[in-house]
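Right, one structure below, let's go through it.
Because only heavy atoms are used, hydrogens play no part in the values below, and waters and symmetry mates are left out as well, while side chains stay in.
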Amino acid sequence: MNINRKKRIILVIKGVAKGQKGSFTIDELKKKMNLKLKHRNFNDILENEREVEEFVKKMQKEKKLFRYNESDSKYFFVH
């Protein structure tokens, strides 16, 4: 994959994550990210899903997605 294309994809994904307000599930977040990528003419569905998965895993590892209890299914984005 072209490095500039990957940078643009990640920029779009970050914009969706930072724009989230309130609580959301991981699936809702992934759907919004994929929809925004498709809207911005990134039409390779497999590539988009792979990048979204990597980004969400990275955010969880870096503790950017917060939930009050371990049993909660809803997350909050920590800026």
TODO: Scan for side-chain hydrogen bond (donor to acceptor under 3.5 Å, both in side chains) pairs involving residues 54-63, sequence neighbours excluded, and state none if there are none.
DONE: none
For [X], check side chain to side chain donor-acceptor pair (under 3.5 Å) against everything at least two apart and list the hits.
X: K36; answer: none
X: K32; answer: Q20
X: E70; answer: R67

TODO: Just jot down the salt bridge (charged side-chain N to carboxylate O under 4.0 Å, His left out) partners of E49, sequence neighbours excluded, or say none.
DONE: none
Task: Qualifying ring-ring contact (aromatic ring centres under 6.0 Å, His included) pairs, either residue in residues 23-65, two or more places apart - done: none
So, using side-chain contact (heavy atoms from CB on, under 4.5 Å) as the criterion, who are the partners of [X] when residues are at least two apart?
X: K7; result: I3, N4
X: N69; result: S71, D72
X: K38; result: N43

For the [atom1] atom of [X] and the [atom2] atom of [Y], what is their distance to the nearest 0.5 Å?
X: I26; Y: M59; atom1: CD1; atom2: CE; value: 7.0 Å
X: N48; Y: I13; atom1: CG; atom2: CD1; value: 7.5 Å
X: R8; Y: N2; atom1: CZ; atom2: CG; value: 7.0 Å

Open item on the list: Using a 4.5 Å cut-off between side-chain heavy atoms of Ile, Leu, Val, Met, Phe, Trp and Tyr, which other residues end up in the same hydrophobic cluster as F76?
Closed with: F66, Y68, V78
- [ ] May I have the step-by-step check of side-chain contact (heavy atoms from CB on, under 4.5 Å) for D44 and R5, ending in yes or no?
- [x] CA-CA 12 Å; D44 188 357; R5 179 176 169 83; 4.2 Å; yes
Open item on the list: Can you confirm whether more than 12 heavy atoms, excluding those of K74, are under 6.0 Å from its NZ atom?
Closed with: yes
Task: Whether over 12 other heavy atoms sit under 6.0 Å from I45 CD1 - done: no
Open item on the list: Measuring only between side-chain heavy atoms, which start at C-beta, is K14 closer than 4.5 Å to I10?
Closed with: yes
Open item on the list: Are E47 and K6 packed together at the side-chain level, in the sense that at least one heavy-atom pair is separated by less than 4.5 angstrom?
Closed with: no
